Colleague: 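What follows is a structure written as structure tokens; I'll ask about it next.
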Amino acid sequence: MKQFVVDFETYYSKADGIGVTDQGILNYARTQDAYMVSVVGHNSEWVGTIAEARQQFPDSFWADPGNEFWAANANFDETFARKYWPVHPAGWQCLLDLAAGQQLPKSVGDVARVVLNHKVDKSLRAGMNGVRYETLPEDQKKGLVEYCLNDAKIEWELLKKLRPISTTEKRVAAHTRMTNLRGIMVDYDLIQRDRERLLAYRDDYEKRIPWRDDYAMTGRKGLAVWAQAEGVTLPESLAKGDDECLEMASKDPKLAAMLDILRKYKKANSLLEKIRAIVDRTTPDSVMPMELRYCGARHTRRWSSAGVNIQNLDKAPFTLDDTGYSIWPRKWLIARPGKIFLMPDFAQIEPRALAWATRNTELLDLVRKGFVIYEAAARIAGLWSGDVPLKKGNPALYTAMKPREIGLGYRMGAQRYMETAASYGIKMDLEQAEKEKTEWRARNPKIVQFWAQMDRELRTSLMKDRILDIQMPTGDHMKLFHLTSWVKKVLNEDTGKPEMRSSISGASVYGDPYGHDSLRANIHGGTITENICQRLSRDITAEKVLALEDAGLPVVFHSHDEAIMEVDMGRQAEAEAAATEIMTTSPAWCPDLPIGIDCKFSPHYTK
């Protein structure tokens, strides 16, 4: 196989909203042209304009199945290549996905810094913002040509240096790129109706902000001026769930009313911005390409999402006051004509993964008998022995079991457990939280021992090479790099008070010890256990996504532990049966892990 790195250079203008970040790859490639392309690889080190490239590389070059094409961002460069040479063999390879699978940084420049010890100067590319290549003087054109070729040569060096990822992970990365380009259909008419309603709603609330003409409407300064004039005392934090804010608002109607105005104004603005992002990316045939990122979280390999974050759309509709009109972004995503969404969701996959990792056979045996894991745990603890399902017989206990099994399983302290329970509507004081934590740990010695084992491995890794390397059941590895021991003031999760304590931090990205997406502070056996369970759940999801696609059940996208498929109307039962068979079959690397799913159908994305 002859390999080539391909790198296109294209016009962009941040001020005019022209670029892949604003328009999405399909609209950007449809409306803009590349002005230069570099091809470096097997017997090739070439750069030139698109017209020159068409002469240098005929259709037969791109259609040759013996050629393998690589790019830093494969979807970007492949889309432009297909614009000028429509016939291609299926599937380009992505350099940044290859790096992601090895827990390396997200940009070519940073990967080159780490792998090649080479600093990439991007200033020339940044200087092309809003500048057309054809308007440059000849000396600047020559400089740009050298820059473009050098970029491709660096990418070629990286390709030769980076290790291959497993066949499965290579397929997962390719599937992620394919689904991004395949995109999802949006209900454009509904979006426009919602937009009109939101504009009127936002304008109404804007008029209620007294300082709108003098200060930033959502800024603290204007609010402070208003508060002083009205004799209102402001809380330190305006966060909706902040205890001090809640208490002060409950005692001061003026403060409560103003906070309500600001929050509704902000929410309307947020939804309008989401609409703008979707509309800008949506093609004339109402398809929005996606930007799911393979191994977005490097160590757990969970996907993240850029652009329009479809993995984090509101779980519930937003109702416009007393009008009864609700806006729910999930309803903007719809199945294509003649199709319907089939949405299976893994049932309690992380608590099951925890039970499997810690060899809790008693709990897993009850799950195999059909008990939901929260009820199974309640029965083992002697908290429930009824003849009817716990969820029906004692809904309050069923709800209470969720934060226990999810949170306490990852060594949550009493303070944090109390806060987590509150998010489920369960009120308790710190003393009660401490009592439940202690009792839970006494009932789950295998999990406590697993935490201790992870603590030992962490300390050993810190003293050895500062890399925690855990081999997963799939044969792949999960690593944390740049381990460092600190003595600093941290929050005691049991008391909720700060104290001086030795703590270990690390990074999920090699070569990026302090990056926002990389730094992992206060690592301990419980957090490592959580990461292992997240990785197990992700690896199961990835394997099942590939199997569903292979079975002719197109996975439009996946969000956390659910897959969203488009299936034919009229064949729902057949599709559900096939999907259930695939998704509940345990992987070969964890054959004794029972897997359950809950399925639903809908013409639009829903919870």
Side-chain angles (χ1 to χ4, degrees), residues 4-40 45-57 62 69-86 88 92 94-96 106-110 112 120-156 177 180-181 183 276-285 287-291 293 306-308:
F4 300 89
V5 166
V6 181
D7 192 351
F8 284 88
E9 297 297 332
T10 56
Y11 172 78
Y12 75 103
S13 171
K14 293 181 179 179
D16 297 324
I18 298 173
V20 68
T21 302
D22 290 299
Q23 296 177 272
I25 181 56
L26 297 183
N27 277 346
Y28 182 48
R30 180 175 58 85
T31 60
Q32 302 300 317
D33 280 308
Y35 56 81
M36 192 175 298
V37 61
S38 304
V39 180
V40 174
E45 194 173 287
W46 187 93
V47 62
T49 65
I50 300 302
E52 293 168 339
R54 281 174 158 166
Q55 295 294 320
Q56 180 72 18
F57 302 102
W62 303 98
F69 299 106
W70 285 78
N73 180 344
N75 275 4
F76 180 91
D77 292 284
E78 181 181 5
T79 300
F80 274 96
R82 290 184 182 276
K83 179 173 183 173
Y84 304 113
W85 295 275
H88 278 249
W92 282 36
C94 185
L95 195 64
L96 287 177
K106 294 181 178 180
S107 72
V108 170
D110 283 334
V120 178
D121 184 0
K122 288 289 185 181
S123 59
L124 193 57
R125 172 63 178 163
M128 289 299 292
N129 179 16
V131 178
R132 297 282 182 184
Y133 172 75
E134 57 270 21
T135 66
L136 294 175
E138 289 305 315
D139 62 327
Q140 290 187 30
K141 284 184 178 179
K142 183 179 178 181
L144 193 60
V145 166
E146 293 174 357
Y147 161 83
C148 295
L149 180 60
N150 188 57
D151 250 15
K153 288 165 68 175
I154 290 170
E155 291 163 15
W156 175 248
R177 297 193 300 272
N180 283 343
L181 286 180
R276 183 204 61 77
I278 291 174
V279 169
D280 286 351
R281 287 168 170 77
T282 300
T283 64
D285 56 355
V287 172
M288 180 184 71
M290 296 176 294
E291 297 173 59
R293 288 179 172 171
V308 178

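What you are looking at is a predicted structure, and each value in this text was computed from that prediction instead of being measured.
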Colleague: Of all the heavy-atom pairs spanning C94 and W70, show the shortest one and how long it is.
Modeller: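 Smallest heavy-atom distance, with atoms named: O-CZ3, 3.7 Å.
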
Colleague: With no hydrogens and no angle check, just 3.5 Å: does a side-chain donor-acceptor pair link D33 and Y84?
Modeller: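 The criterion, which ignores hydrogens and geometry beyond distance, is satisfied for Y84 and D33.
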
Colleague: Does the pair V120 and I154 meet the rule for a side chain to side chain contact (heavy atoms under 4.5 Å, CB included), with working shown?
Modeller: CA-CA 9 Å; V120 178; I154 290 170; 3.9 Å; yes

Colleague: When rounded to the nearest 0.5 angstrom, what distance separates CD in E134 from NZ in K141?
Modeller: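 These two atoms lie 7.5 Å from each other.
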
Colleague: Quick one: are L144 and L136 in side-chain contact, heavy atoms under 4.5 Å?
Modeller: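 Side-chain contact under 4.5 Å: yes.
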
Colleague: Only one of F8, Y12, F80 clears ring-ring contact (aromatic ring centres under 6.0 Å, His included) with Y28; which?
Modeller: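 By the ring-ring contact (aromatic ring centres under 6.0 Å, His included) criterion, Y28 pairs with just one of F8, Y12, F80: F80.
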
Colleague: First locate atom CG of N180, then atom CD1 of I25, and finally report the distance between them rounded to the nearest 0.5 Å.
Modeller: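 Between atom CG of N180 and atom CD1 of I25 there are 11.0 Å.
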
Colleague: Please give me the minimum heavy-atom distance between T282 and M288, naming the atom from each residue.
Modeller: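 In this case the closest contact between T282 and M288 is OG1-CB, 4.0 Å.
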
Colleague: Looking at every non-hydrogen atom in both residues, tell me the closest pair between V108 and A72 and how far apart they are.
Modeller: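 Closest heavy-atom pair between V108 and A72: CG2-CB, 3.4 Å.
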
Colleague: Can you confirm whether F57 sits close enough to V6 that some side-chain heavy atom of one is under 4.5 Å from a side-chain heavy atom of the other?
Modeller: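 A side-chain contact is absent here, since even the closest heavy-atom pair is not under 4.5 Å.
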
Colleague: Check R82 with E78, please: is the shortest side-chain N to carboxylate O separation under 4.0 Å?
Modeller: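 Between R82 and E78 there is a salt bridge, with a charged N closer than 4.0 Å to a carboxylate O.
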
Colleague: So, using salt bridge (charged side-chain N to carboxylate O under 4.0 Å, His left out) as the criterion, who are the partners of D110 when residues are at least two apart?
Modeller: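 Salt bridge (charged side-chain N to carboxylate O under 4.0 Å, His left out) check on D110 returns R113.
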
Colleague: Rounded to the nearest 0.5 Å, what's the gap from CG on N150 to CD on E155? Could you check?
Modeller: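 Rounded to the nearest 0.5 Å, the CG-CD separation comes to 10.0 Å.
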
Colleague: On a heavy-atom basis, which atom in M36 and which in C148 lie closest, and how many Å separate them?
Modeller: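 Taking every non-hydrogen atom into account, SD-SG, 3.5 Å.
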
Colleague: Answer yes or no: is there a donor N or O on one side and an acceptor on the other, between the side chain of R281 and the main chain of A277, under 3.5 Å?
Modeller: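 Present.
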
Colleague: Would you sort out whether M128 and Y147 count as a side chain to side chain contact (heavy atoms under 4.5 Å, CB included), showing the intermediate values?
Modeller: CA-CA 12 Å; M128 289 299 292; Y147 161 83; over 6 Å; no

Colleague: Applying side chain to side chain contact (heavy atoms under 4.5 Å, CB included) between P289 and each of V20, L26, T79, report the one that passes.
Modeller: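 When V20, L26, T79 are each tested with P289, the side chain to side chain contact (heavy atoms under 4.5 Å, CB included) holds only for L26.
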
Colleague: Can you check whether D280's main-chain N or O pairs, donor with acceptor, with N27's side chain at less than 3.5 Å?
Modeller: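 Checked: pair present.
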
Colleague: Minimum heavy-atom separation for A152 to V40, with atom names?
Modeller: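 Shortest heavy-atom separation between A152 and V40 comes out as CB-CG2, 3.6 Å.
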
Colleague: Using distance only, find each side-chain donor-acceptor pair of residues 45-56 under 3.5 Å and give its atom names and separation, not counting sequence neighbours.
Modeller:
unit_1: T49; atom_1: OG1; unit_2: E52; atom_2: N; d: 3.2
unit_1: T49; atom_1: OG1; unit_2: E52; atom_2: OE1; d: 3.3
unit_1: E52; atom_1: OE1; unit_2: T49; atom_2: N; d: 2.8

Colleague: Which atom pair, heavy atoms only, marks the closest approach of S107 to L96?
Modeller: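 Heavy atoms of S107 and L96 come nearest at C-CD2, 3.9 Å.
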
Colleague: Between I18 and Q23, is any pair of side-chain heavy atoms under 4.5 Å apart?
Modeller: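 I18 vs Q23: side chains touch.
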
Colleague: Can you confirm whether Y11 sits close enough to Y133 that some side-chain heavy atom of one is under 4.5 Å from a side-chain heavy atom of the other?
Modeller: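 Contact flag for Y11/Y133 side chains = no.
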
Colleague: Salt bridge or not between D151 and K122? Use side-chain N to carboxylate O under 4.0 Å.
Modeller: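 Yes, charged N to carboxylate O under 4.0 Å.
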
Colleague: Which residue pairs pass the salt bridge (charged side-chain N to carboxylate O under 4.0 Å, His left out) test with at least one member in residues 6-17, sequence neighbours excluded?
Modeller: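 Every salt bridge (charged side-chain N to carboxylate O under 4.0 Å, His left out) pair that includes a residue of residues 6-17, provided the two are not neighbours, is E9-R125.
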
